[in-house]
Amino acid sequence: MSHDHAVYLELLARGADAESYDGPVLRARERGADPGTLAALEHAKQLALRVRAELEGRRRREAELSALFETAHDLAGLRDLDAVLRAIVQRARSLLGTEVAYLSLNDPVAGDTYMKVTEGSVSARFQQVRLGMGEGLGGLVAQTARPYVTESYFDDARFAHTGPIDEAVRDEGLAAILGVPLTLGSRVIGVLFAADRRARVFEREQIALLASFAAHAAVAIDTANLLAETRSALTGLERANGIIQAHSGVIERASEVHDRLTELVLRGGGVEEVTAALSEVLDGTVAFTSDPPDGPRADGRAVRRGDDWVAEVSAGGEALGALVLHGSPRLDPVDRRTLERAAMVTSLLLLARRSAHDAERRVRGELLDDLLDAPGRDPGPLRERALRLDADLDGPQVVLAARSDASPADPTGPGEPSAREGADRRRLWSAASHLAATGAGLAAARDGGAVLLLPLRPGDTPGHLARRAARQLSDALREPVTVGASSPVASPADDPAPVAGAYEQARRCLDALALLGRGGQGAAAQDLGFLGLLLADPGDVGGFVQRTLGEVLAYDERRGTDLVGTLAAYFASGMSPARTRERLHVHVNTVAQRLERVGRLLGDDWQTPSRALEIHLALRLHAMSAPDAPRRP
């Protein structure tokens, strides 16, 4: 074997590209080799290229079989359907060498198909597109249950082009698309796609490979549905078994409840202990509500309201509230009488504690009113009054403004509140007073709602305090309560003057939450993004920019990149990757890679309307506050 012939073996051994195989022939021709030698070398080259193609084919098939085996392994240990589908889409994209892969599922109710999983997509519009049956390439696959492939989407007239679908495909910058159906029996449940942002031809083997992944995806979806049905059936069996056990022990439960309620009365227990005792022995969850039950008075009997049982708590003709048993639509007669007896015990406990609670609430409310209305008072007596109430006014405090959604938004309007509104405000004040008493704070009724002054513990923030208070007050009233928080106030016991200003800030935050449609939530000005700049005093522009863009700014600082500049161009181009490419004079793949990196830094929801608005504003503020500096992309 000549040296030139042996070169082909070396090229095969190191996996050289196809162009390298022309080298031996060219060198022999330059040396003036005779025609016989050249013909022999050409023949050897062709044989080597065929061997190379065979080896590449085997390596590709080995990778494909390995990926299919891994997918089958994922299905065998299926726990999270979305995770399995994401793995299938990622492997399809990798093996077919495409820039984008995605999977859509049919919606039988809406009669269309929607995006379920995407990999490599950077367009928010494309990720949210829905295709009607027969519309676009995907709609045609979903309707006909046959694979379809197009080398150039916008030049292909075999399927119906619609404005919204074409705009989404154009926004993503796609050209070549391959789609195969996901089928269960004869029913199509979705479509698996592989796509490129340049024209290309998909080979028969690639279509077959994508179809294999689609079959695995269909099996995963079917398996998840069967698991859900099995869990539902098991839950039903467990519920039936529980009912049988409950009926067998109903008499024992009644006796146990009677003994426990008697003990509670004798030692002056609370309503929470009554509901806890009932929840343990009855088949359901018992809660006390201060709202009188709807409908006619039941004369002390437990009545059914939907799937719940309600026993009125009353004394001397006054409705004090009700005990509500959730989760027991079929209540045994003996358990029903137990619920009625517990309502009577609850009324006695409430009457015994009402007078003491009213006195304590008034004293706490008067102290907080003095802090708000007379900021120039001598702090010495204020501290003494706080100590008698176990209220801590020596450390940092936060003022909370709370309002129930049942209360009118403008309590300063003309006229007195209705009887129902007055009851709602008293209930809120009562719940706020209880929260303040258990948290070493103060509470008062004010401006149609309630105001609280609570200590700010180490590691806590005004926003966390507001959210916790909103949750606790909402649970106590069983209706949404919105809470706005002020910035921290330093030691009101030393200087009560800042408390009044902090209350105004908390009220502005409360009004902002209502305008944002976030009723029933709690927040401080710092939690409201750019709106917090208008509420806080002074506005924290630098903090807002850092909270919004900090990860991207830090990445640019470490790597010397300009992802911030790419983001600015992306928003200036209407969030279109194609127009961003034109503005930056780079390839659309470069834009896609940069936006993928931004998504990893800011989170998957960075292109949602609310996040996008905050990011856009932070970019503008950053550009106004920082000098331009040259960076490389």
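Numbers here are sequence positions counted from 1.
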For this session: List the steps, then state whether side chain to side chain contact (heavy atoms under 4.5 Å, CB included) holds for Ile615 with Trp606.
Result: CA-CA 8 Å; Ile615 293 170; Trp606 73 278; 4.0 Å; yes
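- Judged purely by distance below 3.5 Å, without hydrogens or angles, the side chains of Arg597 and Tyr555 pair a donor atom with an acceptor atom.
- Within 6.0 Å of CZ in Arg204 there are 12 or fewer heavy atoms belonging to other residues, nucleotides or ligands.
- Counting heavy atoms from C-beta outward, Leu96 and Leu210 have side chains that approach closer than 4.5 Å.
- Checked for salt-bridge contact, Glu151 and Arg200 miss the test: no charged N lies under 4.0 Å from a carboxylate O.
- Judged by the 6.0 Å distance and 45° axis criteria, Arg91 is not positioned over the aromatic ring of Phe213.
- In terms of heavy-atom proximity, Ala220 sits nearest to Leu85 at CB-CD2, 4.5 Å.
- Between Glu172 and Ser121, the side chains place a donor N or O and an acceptor N or O closer than 3.5 Å (distance only, hydrogens not considered).
- Here the closest heavy-atom approach between residue Val483 and residue Leu510 is recorded as N-CD1, 4.1 Å.
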Exercise. What do the steps show when you test Ile165 against Phe159 for side chain to side chain contact (heavy atoms under 4.5 Å, CB included), and what is the final call?
Worked result: CA-CA 12 Å; Ile165 298 174; Phe159 44 83; over 6 Å; no
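- Here Thr548 contributes atom OG1 and Leu619 contributes atom CG; the two are 9.0 Å apart, rounded to the nearest 0.5 Å.
- The CD atom of Glu119 sits 9.5 Å away from the OG1 atom of Thr98 when rounded to the nearest 0.5 Å.
- Closest approach of Thr580 and Ala569 over heavy atoms only: OG1-O, 4.0 Å.
- Proximity of Arg158 to Thr150: side-chain heavy atoms (C-beta onward) are separated by under 4.5 Å at one or more points.
- Without hydrogens or angle criteria, Ser474 side chain to Arg471 main chain gives no donor-acceptor distance under 3.5 Å.
- Checked by atom type, the side-chain pair Thr461/His464 shows a donor-acceptor distance below 3.5 Å.
- A salt bridge does not link Arg600 with Glu551: none of the charged nitrogens is closer than 4.0 Å to a carboxylate oxygen.
- Applying the side chain to side chain donor-acceptor pair (under 3.5 Å) rule to pairs touching residues 136-146 yields nothing, sequence neighbours excluded.
- The shortest side-chain heavy-atom distance between Leu103 and Val191 does not fall under the 4.5 Å cut-off.
- Within the 4.5 Å cutoff, the side chain of Leu131 has no heavy atoms near those of the Asp112 side chain.
- No side-chain heavy atom of Pro480 sits less than 4.5 Å from a side-chain heavy atom of Ser404.
- Between atom OG1 of residue Thr118 and atom NZ of residue Lys116 there is a gap of 12.0 Å, rounded to the nearest 0.5 Å.
- Put simply, the side chain of Leu192 does not reach to within 4.5 Å of the side chain of Tyr102, judged on heavy atoms.
- Looking at heavy atoms from C-beta onward, Arg594 lies in side-chain contact with Leu563 at the 4.5 angstrom threshold.
- Scanning both residues, Pro181 and Val188, for their nearest heavy atoms gives CB-CG1, 4.3 Å.
- Between Phe154 and Leu174, the shortest heavy-atom contact is CE1-O, 4.0 Å.
- A donor atom on one side chain and an acceptor atom on the other are not found under 3.5 Å apart for Gln521 and Thr482.
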Exercise. Checking side chain to side chain contact (heavy atoms under 4.5 Å, CB included) for the pair Thr566/Leu584: CA distance, chi angles, key distance, verdict?
Worked result: CA-CA 8 Å; Thr566 300; Leu584 296 177; 4.1 Å; yes
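- Classification of Asp171 and Arg579 as a salt-bridged pair fails, no side-chain N sitting under 4.0 Å from a carboxylate O.
- For the atom pair CG of Leu178 and CG of Leu137, the computed distance is 8.0 Å after rounding to the nearest 0.5 Å.
- Side chains of Arg583 and Ser573: a donor on one and an acceptor on the other come within 3.5 Å.
- For His587 (side chain) and Arg581 (main-chain N/O), no donor-acceptor pair under 3.5 Å exists by modelled atom type.
- A donor-acceptor pair under 3.5 Å is formed between the side chain of Tyr570 and the backbone N or O of Met575.
- Across all their heavy atoms, Ala470 and Gly522 have their closest contact at CB-N, 3.7 Å.
- One finds the CD atom of Gln607 at 7.5 Å from the CZ atom of Phe571 (value rounded to the nearest 0.5 Å).
- Checking Asn106 against Tyr114 by side-chain atom types alone, no donor-acceptor pair falls below 3.5 Å.
- The pair Arg130-Asp107 counts as a salt bridge, with a side-chain nitrogen and a carboxylate oxygen less than 4.0 angstrom apart.
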For this session: Decide side chain to side chain contact (heavy atoms under 4.5 Å, CB included) for Leu105 and Met115; before the verdict, give the C-alpha distance in whole Å, the side-chain angles of both, and the deciding distance to 0.1 Å.
Result: CA-CA 7 Å; Leu105 294 180; Met115 291 292 184; over 6 Å; no
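- At least one donor-acceptor pair under 3.5 Å links the side chain of Asp562 to the backbone N or O of Gly565.
- Here the side chain of Arg467 pairs no donor or acceptor atom with the backbone of Ala523 at under 3.5 angstrom.
- A distance of 6.0 Å separates CZ in Arg197 from CG in Asn589, rounded to the nearest 0.5 Å.
- Without hydrogens or angle criteria, Glu596 side chain to Gln593 main chain gives no donor-acceptor distance under 3.5 Å.
- Checked by atom type and distance alone, the side chain of Asp222 never pairs as donor or acceptor with a backbone atom of Leu184 at under 3.5 Å.
- Val481 has its side chain out of reach of Arg403: every pair of non-hydrogen atoms, C-beta onward, lies at least 4.5 Å apart.
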